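As structure tokens, the structure follows; a few thoughts come after it.
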Amino acid sequence: MEQNNLLLNVQNVSRSFGGLKAVSDVNIQVGQGELIGLIGPNGAGKTTLFNLLTGVYEPSQGKIILNDESIGGLKPYQITQKGAARTFQNIRLFSELSVIENVKIAYHQHAKHSIFSSILRLPKHFASEKEMTEKALEFLSIFKLQEKKDELAKNLPYGEQRRLEIARALAARPKLLLLDEPAAGMNPQETQDLMNLIHWIRREFDLTIVLIEHDMPLVMGVCERIYVLDRGKLIAEGAPSEIKKNPKVIEAYLGQEA
């Protein structure tokens, strides 16, 4: 892959916790517009890698470059401002806030009013609030949640909470969207709908997407390339057709799925 087409470049990244290397010397390159899968058995280091990419953890060694800028050591909100947004394996919504408030919070970093105009309740403040509400409703409409905009997030069914979390991530206007097990807890029809939705949002929002997922039909059905981790180390990379036949992957992971 040409270097000038890279959006995300993970170079020799490791992360240790005490004497344990959760991620060891990992190299991943993601081009603009790609849809990439990250798979591996439980404890392989997948979520730890996402946490490194989004500033939850700082690499023990190596570099993480997003859009030609090093982001290692930045805070999560700073990395979001640089263009990366994520969902979580365990849903993390503002459960006591309404559905629309959850989305407006994510969009707030793009608000055009200042603290000064908010305090004085100037016209610019109200215009910006109106824009945020309209944009939030657009995102909720995409995910068929507009009719539940005033419900508390905690009262949504599980599948709708998943969709709300993706809507909130998109409201941050990312260049890179990281999805951590988006199909977890979904039934087969919901998973199929999610597969179609991932394709659609990638195209509609001109996004680059990296997803962690245990649902192999989903991974093989949506991803163009797949990286495989095992015990913190990268053991394979390639197209879905190559990954299916890779002996190391079959031994470490896919054999468990049979």
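What you see is a predicted model; the values in this text were computed from it and never measured. Residues: numbered from 1 along the sequence shown.
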So, does Glu251 use its side chain to make a donor-acceptor pair with the main chain of Lys248 at under 3.5 Å? no
Could you check whether any side-chain heavy atom of Ile209 comes within less than 4.5 Å of a side-chain heavy atom of Ile198, counting everything from C-beta outward? yes
Salt bridge (Lys or Arg N to Asp or Glu O under 4.0 Å) filter on Glu160, not counting sequence neighbours, yields Lys148
Do the side chains of Leu66 and Leu7 get nearer than 4.5 Å, heavy atoms only? yes
Name all residues meeting the side chain to side chain donor-acceptor pair (under 3.5 Å) criterion together with Glu237; count only those two or more places apart in sequence or in a different chain, and write none if there are none. Arg225
Would you give me the side-chain donor-acceptor pairs under 3.5 Å for residues 19-28, sequence neighbours excluded?
from, atom 1, to, atom 2, distance (Å)
Asp25, OD1, Asn12, ND2, 3.0
Asn27, OD1, Asn12, N, 2.9

For the backbone of Ala183 and the side chain of Glu213, can you confirm whether one donor and one acceptor N or O come within less than 3.5 Å of each other? yes
State which residue, out of Ile91, Leu93, Thr87, fulfils the side-chain contact (heavy atoms from CB on, under 4.5 Å) condition with Leu164. Leu93
Between CD on residue Glu34 and CD on residue Gln29, distance to nearest 0.5 Å: 10.0 Å
Got a sec, which residues hit side chain to side chain donor-acceptor pair (under 3.5 Å) with Arg202, two or more places apart in sequence or on another chain? Glu224
Are Phe88 and Leu156 in one and the same hydrophobic cluster, where Ile, Leu, Val, Met, Phe, Trp and Tyr link if side-chain heavy atoms are under 4.5 Å apart? no
Quick one: does Leu6's side chain get under 4.5 Å of Val30's, heavy atoms only? no
Does any donor atom in the side chain of Gln32 or Asn5 lie under 3.5 Å from an acceptor atom in the other side chain? no
For residues Leu207 and Leu170, determine if any side-chain heavy atom of one lies less than 4.5 Å from a side-chain heavy atom of the other. yes
Any His214 side-chain heavy atom under 4.5 Å of Lys46 side chain: yes
Where Leu177 and Ala169 come nearest, the two heavy atoms and their spacing: CD1-CB, 3.7 Å
Decide yes or no on side-chain hydrogen bond (donor to acceptor under 3.5 Å, both in side chains) for Thr47 and Gln89, but give the supporting numbers first. CA-CA 8 Å; Thr47 295; Gln89 182 177 352; 3.3 Å; yes
What pairs with Tyr57 under side-chain contact (heavy atoms from CB on, under 4.5 Å), at least two apart in sequence or on another chain? Arg15, Phe17, Thr48, Asn51, Leu52
Hits for side chain to side chain donor-acceptor pair (under 3.5 Å) against Glu147, two or more places apart or cross-chain, chain-then-number order -> none
Can you check whether Asn246 reaches Ile250 side chain to side chain, under 4.5 Å on heavy atoms? no
Report the residues that fulfil ring pair (Phe, Tyr, Trp, His ring centres under 6.0 Å) with Phe139, sequence neighbours left out, ordered by chain and then residue number. Phe205
d(Gln161 CD, Lys154 NZ) to nearest 0.5 Å is 11.0 Å
Any donor and acceptor pair, going by atom type alone, linking the side chain of Glu101 with main-chain N or O of Ser98 inside 3.5 Å? yes
Could you grab the distance from atom CD1 of Ile39 to atom SG of Cys223, nearest 0.5 Å is fine? 9.0 Å
Kindly indicate whether the side chain of Ile65, heavy atoms from C-beta on, has any atom under 4.5 Å from the side chain of Val10. no
Would you say the side chain of Leu97 lies within less than 4.5 Å of the side chain of Leu152, judging by non-hydrogen atoms? no
Looking at residues at least two apart in the chain, or sitting in another chain, which of them share a side-chain contact (heavy atoms from CB on, under 4.5 Å) with Ile79? Ile71, Leu74, Ala84
Residue list, side chain to side chain donor-acceptor pair (under 3.5 Å) with Thr54, at least two apart or on another chain: Arg86
Would the distance check show the side chain of Thr80 and the main-chain N or O of Pro76 forming a donor-acceptor pair, the cut-off being under 3.5 Å? yes
Common cluster, Val222/Met216, ILVMFWY with side-chain heavy-atom separation under 4.5 Å: yes
Salt bridge (Lys or Arg N to Asp or Glu O under 4.0 Å) involving Arg168 - partner list, sequence neighbours excluded: none
Sorted by chain and residue number, the side-chain contact (heavy atoms from CB on, under 4.5 Å) partners of Glu134 (sequence neighbours excluded) come out as Lys130
Interatomic distance, Asn67 atom CG to Lys82 atom NZ [nearest 0.5 angstrom]: 10.0 Å
To the nearest 0.5 angstrom, please state how far the CD atom of Glu190 sits from the OH atom of Tyr158. 10.0 Å
Given Lys175 and Thr208, is the side-chain hydrogen bond (donor to acceptor under 3.5 Å, both in side chains) satisfied, shown in steps? CA-CA 6 Å; Lys175 299 180 183 74; Thr208 303; over 6 Å; no
Nearest-0.5 Å distance, CG of residue Leu211 to CD1 of residue Ile226: 9.0 Å
Would you please name every residue forming a side-chain contact (heavy atoms from CB on, under 4.5 Å) with Gln192, sequence neighbours left out? Gln189, Met195, Asn196
Minimum heavy-atom separation for Met220 to Pro240, with atom names? SD-CB, 3.6 Å
For Pro59 and Gly72, which heavy atoms make the closest approach, and how far apart are they? CD-CA, 4.4 Å
